[in-house]
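Residue numbers run from 1 in the order of the sequence given.
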Amino acid sequence: VQLQASGGGLLQAGGSLRLSCAASGGTFSIYSMGWFRQAPGREREFVAAIGRFGSNTEYADSVKGRFTISRDNAKNTVYLQMNSLKPEDTAVYYCAARTGRITTLETDFGSWGQGTQVTVSS
């Protein structure tokens, strides 16, 4: 499966942004999906994940209550709604896919998108 992330941008703290990740080349509903991010000088970290049909979700503690992951299997797209953004959310955000059950482990994901930059100013 090929993944194309979009929706990043520059905004002020407290603002909202929605990232999208469009999938192609596979049957989308067989994939659990995840969002990860990598800030400058830091390792890539888990943000959120969603199961194949959207009933199961997982979040990093740092984004719980602010970010929401969702998916539309009819549109082959997964979303990350980000609210109450903070400067520490600044990073390149990547979407990822894996066949099978939901997971938070980066190494479990076999397909990755190219990343979209999110910059939050204070």
Q) Looking only at atom types and distance, does a side-chain atom of Ser62 sit under 3.5 Å from a main-chain N or O of Ala60, one as donor and one as acceptor? A)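 Judged by distance alone, no pair lies under 3.5 Å.
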Q.
Donor-acceptor pair, distance only, cut-off 3.5 Å: does the side chain of Ser32 make one with the backbone of Gly100?
A. yes
Q: Not counting sequence neighbours, which residues clear side-chain contact (heavy atoms from CB on, under 4.5 Å) with Asn73? List them please.
A: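 side-chain contact (heavy atoms from CB on, under 4.5 Å) check on Asn73 returns Phe28, Ser29, Phe53, Arg71.
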Q: Evaluate the side-chain contact (heavy atoms from CB on, under 4.5 Å) criterion for residues Arg18 and Leu80: first the C-alpha distance (whole Å), next the side-chain angles of each, then the deciding distance (0.1 Å), finally the verdict.
A: CA-CA 6 Å; Arg18 188 176 81 158; Leu80 186 67; over 6 Å; no
On a heavy-atom basis, which atom in [X] and which in [Y] lie closest, and how many Å separate them?
X	Y	value
Thr103	Phe46	O-CE1, 4.3 Å
Tyr59	Ala48	CD2-CB, 3.7 Å
Ile69	Met33	CD1-O, 4.2 Å
Trp35	Ser20	CH2-O, 3.7 Å

Q. Got a sec, which pairs hit side chain to side chain donor-acceptor pair (under 3.5 Å) with one end in residues 113-122, sequence neighbours left out?
A.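 Found Gln117-Thr119.
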For a quick test of your reading: what N or O donor-acceptor pairs under 3.5 Å do the side chains of residues 1-13 make, sequence neighbours left out?
none

Q: Give a yes/no verdict on a cation-pi contact between Arg37 and Tyr94, requiring under 6.0 Å between NZ or CZ and the six-membered ring centre and an angle within 45° of the axis.
A: no
(Q) Contact between Val118 and Thr90 at the side-chain level, heavy atoms closer than 4.5 Å - yes or no? (A) no
Q: Answer yes or no: is there a side-chain heavy-atom contact under 4.5 Å between Leu85 and Phe67?
A: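 The answer is yes; the side chains approach within 4.5 Å.
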Q) When you check the gap from the basic side-chain N to the acidic O, do Asp89 and Lys86 get nearer than 4.0 Å? A)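 The answer is no: the pair does not qualify as a salt bridge.
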(Q) Side-chain heavy atoms nearer than 4.5 Å, only ILVMFWY residues, links allowed to pass through others: does that put Met82 and Val63 together? (A)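 Linked within one cluster.
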Q.
According to a hydrophobic-cluster definition based on side-chain heavy atoms being under 4.5 Å apart (Ile, Leu, Val, Met, Phe, Trp, Tyr only), do Val120 and Tyr93 belong together?
A. yes
Q | Near-ring test Phe109/Phe36, centroid separation under 6.0 angstrom | A | yes
(Q) Working to the nearest 0.5 angstrom, can you tell me the gap between Ile102 CD1 and Asp108 CG? (A) 11.5 Å
(Q) Would you say Ser16 and Asn83 are linked by a side-chain donor-acceptor pair, where the criterion is simply a distance under 3.5 Å? (A)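 Indeed, the side chains of Asn83 and Ser16 share at least one donor-acceptor pair under 3.5 Å.
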